[in-house]
Amino acid sequence: MSGWDGKSKAGVLGYKFFVFCIRNLGIRISYSVLHLVSACYFIFLWKANRATYYYFHTRLGYSPIKARMHVYLSYYTFGRVLIDKIAIGAGMRKRFTYEFDGIENLRALLEQKKGGILISAHIGNFEIAQYFLSDLAYDVSIHLVISDLEHRAIKEYLDRISAPSAISYIIIKEDLSHVFEISNALANNALVCFTGDRYLEGVKFITSTFLGKEANFPGGPFLIASRLQVPVVFVYVMKEKNLHYHLYARVAQVKKREEKELLKAYINNLQEMINEYPLQWFNYFDFWGAFKK
Amino acid sequence: MGKAEMVEKINEFLIDEFEVDGSEIQPDAILKDTLGLDSLDYVDLVVTVEANFGVKLVEADFAGLSTFQHFYDLIENKVKAKQ
């Protein structure tokens with residue numbers, strides 16, 4: 001089974017390019033620029049193409065032509081999501097509309113005053129959740145646990161151009177500082193968010209069937225959530241047509257030390273999201289280890 | 001609480017939380033290897049220690065922490081300092 005190599009497909013340079021486009025050309029014209037970028041990805045990212053084609057053709061059962069077309073559309077959709085994230089962060093929030101599904105679950109979680117764990121995925125656009133939650137007058141702080149240096153470089157760049165954010169990042173480091181940041185966040189009734197669908201080589205993983213074939217998932221989020229006995233909610237922010245977003249929050253039933261059960265519940269939930277939004281699952285690597293030698 | 005009693009309580013929650021065989025927990029055994037801790041498991045360790053002993057571990061406590069004996073000493077010192 002395969003782990004993520006820790007490299008994002010869009011680097012800081014890519015972000016800078018789109019910030020330039022959004023500021024000078026607007027959101028919708030920036031979307032159209034994406035066709036050019038998506039075409040380049042489609043032509044040159046051979047490994048990502050292969051993995052994404054496998055996802056659409058073999059795992060979702062699309063015909064070869066439809067799967068090939070969806071590889072391109074997946075890049076395009078990913079680009080739109082990035083543009084929205086940058087635009088919203090740069091103060092264009094009012095141009096977007098949104099709806100909530102299960103917001104009462106987040107409200108109930110916060111009222112318990114025990115902190116909470118959100119488990120999301122590399123699907124949709126979770127990082128913009130803060131802007132929508134702030135509209136509901138929630139005094140909530142969200143800490144997103146990330147592991148890679150490349151994300152940090154991108155985040156530092158976006159911080160420079162964005163309005164202050166309610167999301168802070170906890171970076172997993174060798175010095176274990178993240179351990180105290182996570183435990184302090186939970187003690188302060190904050191929400192700690194993990195993405196549950198990408199593991200790095202060398203960390204604990206749990207294997208489970210996902211879209212009909214076994215795959216590895218990071219063990220950490222599910223182990224912590226099942227051991228600490230804090231409320232757990234699966235959260236996804238999905239892009240709909242035009243500039244509309246849909247936030248989903250689903251409560252997870254967590255039994256002490258039943259991390260595999262929690263993972264199964266997560267996978268079931270994630271598969272529902274993928275069935276509804278197949279173009280918004282952004283894992284451009286050999287997720288199932290289908291091409292591993 | 002005496003030292004032996006404290007060690008017993010620590011071992012109990014480590015066995016319970018990390019699902020290891022009690023016979024593997026020896027004073028000179030390496031904590032990280034024996035419990036199979038990865039970078040996120042330490043969150044569980046910190047929270048569990050606080051729940052069981054009412055003391056908060058901080059970043060500096062992990063410097064030089066290697067064996068179970070180190071861990072027992074750390075908790076003992078923390079508890080004493082709190083009293």
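Numbered from 1 within each chain, the chains take letters A, B, ... in sequence-line order.
Most heavy-atom pairs under 4.5 Å with chain B, from the set A:Asp175, A:Val203, A:Leu176: that is A:Leu176. Of all the listed residues (B:Thr48, B:Leu57, B:Asp16), the one sharing the greatest number of non-hydrogen pairs under 4.5 Å with chain A is B:Asp16.
Between the side chain of A:Tyr277 and the main chain of A:Glu272, no donor-acceptor pair closer than 3.5 Å is present. Between the side chain of B:Lys3 and the backbone N or O of B:Tyr72 there is no donor-acceptor pair closer than 3.5 Å.
For B:Asp61, no part lies near chain A; criterion is any non-hydrogen pair under 4.5 Å. Contact annotation for A:Pro221: both backbone and side-chain heavy atoms come within less than 4.5 Å of a heavy atom of chain B. Looking at B:Phe62, only its side chain comes within 4.5 Å of chain A, counting heavy atoms on both sides. Looking at B:Glu19, only its side chain comes within 4.5 Å of chain A, counting heavy atoms on both sides.
Heavy-atom minimum distance, A:Ser168 versus A:His143: OG-ND1, 2.7 Å.
Partner A:Phe217 forms a ring pair (Phe, Tyr, Trp, His ring centres under 6.0 Å) with one of A:Phe210, A:Phe205, A:Phe194, A:Trp288 and no other, that one being A:Phe210.
Counting heavy-atom neighbours within 6.0 Å of A:Lys47 NZ, excluding the residue itself, gives a total of 12 or less.
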